[in-house]
Amino acid sequence: MTRHFLELSDLSPGDLTAVLDLSERSDPPQVLAGKGMALLFEKPSARTRNSVEMAVVQLGGHPVTIRDDEVGLDIRESCEDVARTLSCYHHAIGARVFDHGKLERLAAASSVPVVNLLSDRSHPIQALADLLTIRQHVGRLDDVTLAYVGDGNNMAHALAQATELCCLNVRVSSPPGYRLEEATKAELVDDPADAVRGADVVYTDTWVSMGQEAEAAKRRPLFAPWRVTAELLALAAPDAIFLHCLPAHRGDEVVDAVLDGRQSRVWAQAANRMHTTRGLLAFLLGAS
Ligand code: CP
Ligand code: NVA
């Protein structure tokens, strides 16, 4: 059976532990030796493209990155025909798309694993790196409280799904009109201070995701009370860590004193993108 990874919920709790354990292995299984992975991007990327390309190399494989103007999902050719074509040459396909439905259609037509490299609905490959960072820097995943403060977007969606996979408690606080709509075990909290109080992890993301640039001026004043400042972070547990998927918009969703402060683990988190993608691909391609 071909396993795809479009949502964090595509993994069972046991699968998640296996992926995180594989991510920490110092001898990457050479599951992609002599094989390729196609990486399709409809949106820009720094971390995802570079970390996935290097993860593929570490597994013995060859990444081929393809910009949207080269393949044109549903423009030059249908998603299904792109998936069928790339399945002829590659042993895995990754895609960063606007419409999550395109990922589902790629997966339905592909004979090799399809991995979500970010869609408007979810960013699960980032959530894997976040969970490894919490396991390493808080020391556990069970009974950890993560406060997500900001837009109820693709990142909030992916993190909220972690409540179903491990004993992570997730509180999400967003401005009215921008709240997470998904039904998970995540707790929706109106006041960002209430969300952060006593939390082990404080997390935020951009107020304006890729594709929403025209809404920036409208969103900025509405989101200002959800900015992660030193004062807000001080309400969390004394040894709480701060995470951000990046890219950060300094002075908007987070101030320099937090992003560069002693509690920030954002660079360890960014580094883990490569390790967890390597672990995920090894898992999807049958390593144990
Ligand atoms: N966090 C993340 O996905 O970064 P990029 O958009 O740079 O890939
Ligand atoms: N929510 C952001 C995440 C970027 C990694 C976006 O979709 O642009």
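For ligands, and for the atoms within them, numbers begin at 1 and follow the listed sequence.
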Checklist entry - Quick one: nearest non-hydrogen protein atom to atom 8 (O) of ligand 2, plus distance? => result Met210 N, 2.8 Å
Next on the checklist: Ignoring hydrogens and geometry beyond distance, is a side-chain donor-acceptor pair present between Thr48 and Arg273 at under 3.5 Å?
Outcome noted: yes
Item to check | Derivation of the side chain to side chain contact (heavy atoms under 4.5 Å, CB included) call for Leu39 and Ile66 | outcome: CA-CA 6 Å; Leu39 305 172; Ile66 306 160; over 6 Å; no
Next on the checklist: Can a donor-acceptor pair be found, under 3.5 Å and without considering hydrogens, that links the side chain of Arg219 to the backbone of Trp207?
Outcome noted: yes
Checklist entry - Polar-atom distance check: Ser45 versus ligand 1, any N or O pair below 3.5 Å? => result yes
Checklist entry - So, does Lys43 sit close enough to ligand 1 that a heavy atom of it is under 4.0 Å from the ligand? => result no
Next on the checklist: Could you check whether Glu253 and His244, counting side-chain N and O atoms only, form a donor-acceptor pair closer than 3.5 Å?
Outcome noted: yes
Checklist entry - When you check the side-chain N and O atoms of Asp130 and Thr133, is any donor under 3.5 Å from an acceptor? => result no
Checklist entry - So is there a nitrogen or oxygen of Leu246 less than 3.5 Å from a nitrogen or oxygen in ligand 1? => result yes
Next on the checklist: Taking distance alone, with N or O pairs closer than 3.5 Å, would you say Leu246 contacts ligand 2?
Outcome noted: no
Next on the checklist: Side chain, backbone, both or neither: which applies to His244 and ligand 1 if a contact is any heavy-atom pair less than 4.0 Å apart?
Outcome noted: neither
Checklist entry - Which residue holds the protein heavy atom closest to atom 2 (C) of ligand 1, what is that atom called, and what is the gap in Å? => result Arg273 NH1, 3.3 Å
Checklist entry - If you count the atoms of ligand 2 from 1 in the order shown, which ones are under 4.0 Å from a heavy atom of Leu118? => result 3 (C), 4 (C), 5 (C), 7 (O)
Next on the checklist: Does any N or O of ligand 1 fall below 3.5 Å from an N or O anywhere on Cys245, backbone included?
Outcome noted: yes
Item to check | Side chain, backbone, both or neither: the part of Asn154 lying under 4.0 Å from ligand 2 by heavy atom | outcome: side chain
Next on the checklist: With no hydrogens and no angle check, just 3.5 Å: does a side-chain donor-acceptor pair link His100 and Ser119?
Outcome noted: yes
Checklist entry - Does Ala160 offer a backbone N or O that forms a donor-acceptor pair with the side chain of Thr163 under 3.5 Å? => result yes
Checklist entry - Just checking, is any N or O donor in the side chain of Asn272 or Gln136 under 3.5 Å from an acceptor N or O on the other one? => result yes
Item to check | Location of contacts on Asp120 toward ligand 2, heavy atoms closer than 4.0 Å | outcome: neither
Checklist entry - Heavy atom under 4.0 Å from ligand 2: found in Thr48's side chain, backbone, both, or neither? => result neither
Checklist outcome for this item: closest protein heavy atom to atom 7 (O) of ligand 1 is Ala46 N, 2.7 Å
Checklist entry - Quick one: nearest non-hydrogen protein atom to atom 6 (O) of ligand 1, plus distance? => result Arg96 NH1, 2.9 Å
Next on the checklist: Checking Ser174 against Trp226: is there a side-chain donor and acceptor pair closer than 3.5 Å?
Outcome noted: no
Checklist entry - Please walk me through it: do Tyr178 and Phe223 pass ring pair (Phe, Tyr, Trp, His ring centres under 6.0 Å)? => result CA-CA 9 Å; Tyr178 298 93; Phe223 276 81; 5.0 Å; yes
Next on the checklist: Geometry only, no angles: is Met210 polar-contacting ligand 1 at N/O separations under 3.5 Å?
Outcome noted: no
Item to check | Check: Asp205 N/O within less than 3.5 Å of ligand 2 N/O | outcome: yes
Checklist entry - Nearest protein heavy atom to atom 4 (O) of ligand 1, by residue and atom, and its distance? => result Arg47 NE, 2.8 Å
Checklist entry - Is any N or O atom of Arg96, backbone or side chain, closer than 3.5 Å to an N or O atom of ligand 2? => result no
Checklist entry - Taking atom types as modelled, is there a side-chain donor on Asn154 or Asp120 under 3.5 Å from an acceptor on the other? => result no
Checklist entry - Any idea which part of Gln126 is under 4.0 Å from ligand 1, heavy-atom wise: side chain, backbone, both or neither? => result side chain
Next on the checklist: Using the rule that Ile, Leu, Val, Met, Phe, Trp and Tyr join whenever any side-chain heavy atoms are under 4.5 Å apart, tell me whether Tyr148 and Val189 fall into a single cluster.
Outcome noted: no
